[in-house]
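The next block holds one structure in the form of structure tokens; read it before the comments.
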Amino acid sequence: MSKIYFFGDSFIENLGCRPNDEYYLKTHTGNEKTWTTLLSERYDLEEVNLGKTGFTNYNTLNTIWSYIDKITENDKVVIRIGPYDRYNI
């Protein structure tokens, strides 16, 4: 099965939308799915979500480079470009 890779920050990671997250516990009724899961299912692709809270664009690029050899011709890639004023220290 082809895959869909998601790279980026907390928007990609679906911060607050995972079991045990405070927002999730207050709002989840059992039927909701994250947007990355919905997109993966819509196109019948295996979801590979590599988003991380607080990631800078530099972190995202490094993650892409570390997975570049695993991405095949039939896979899809979604990249979230984060705020430009976020930087590594």
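Side-chain N or O atoms of D75 include one that pairs as donor or acceptor with a backbone N or O of T72 at under 3.5 Å. Checking side-chain atoms of N49 against main-chain N and O of I12 turns up a donor-acceptor pair under 3.5 Å.
For the pair V48 and L50, the minimum side-chain heavy-atom distance is below 4.5 Å. Here the side chains of W35 and F11 are in contact, with some heavy-atom distance below 4.5 Å. The side-chain heavy atoms of V77 and F7, taken from C-beta on, include a pair separated by under 4.5 Å. Inter-residue side-chain proximity for I79 and I64 is flagged as met; some heavy-atom pair is nearer than 4.5 Å. Between F6 and S40, the closest side-chain pair of non-hydrogen atoms falls below 4.5 Å.
The CD atom of E47 sits 9.5 Å away from atom CG of L38, with the distance rounded to the nearest 0.5 Å. I71 contributes atom CD1, which lies 11.0 Å from atom CD1 of I4 (distance to the nearest 0.5 angstrom). Here CG of L39 is found 9.5 Å from OG1 of T34. Values are rounded to the nearest 0.5 Å.
In the hydrophobic cluster analysis, where Ile, Leu, Val, Met, Phe, Trp and Tyr join through side-chain heavy atoms closer than 4.5 angstrom, F55 is grouped apart from W65.
Closest non-hydrogen pair, N59 versus G54, comes out as OD1-O, 4.3 Å. For K76 against L45, the heavy-atom pair with the smallest separation is CG-CD1, 3.7 Å. Taking every heavy atom of both residues into account, M1 and E46 meet most closely at SD-N, 3.5 Å. The shortest non-hydrogen separation linking D9 to R80 is OD1-NE, 3.1 Å.
Neither side chain, T60 nor T63, offers a donor N or O lying under 3.5 Å from an acceptor on the other.
Both the sub-6.0 Å distance and the 45° axial angle are satisfied by K70 relative to the ring of Y67.
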Next on the checklist: Is there a salt bridge (Lys or Arg N to Asp or Glu O under 4.0 Å) between K33 and E41? Walk through the geometry before answering.
Outcome noted: CA-CA 10 Å; K33 295 181 181 180; E41 289 177 357; 2.8 Å; yes
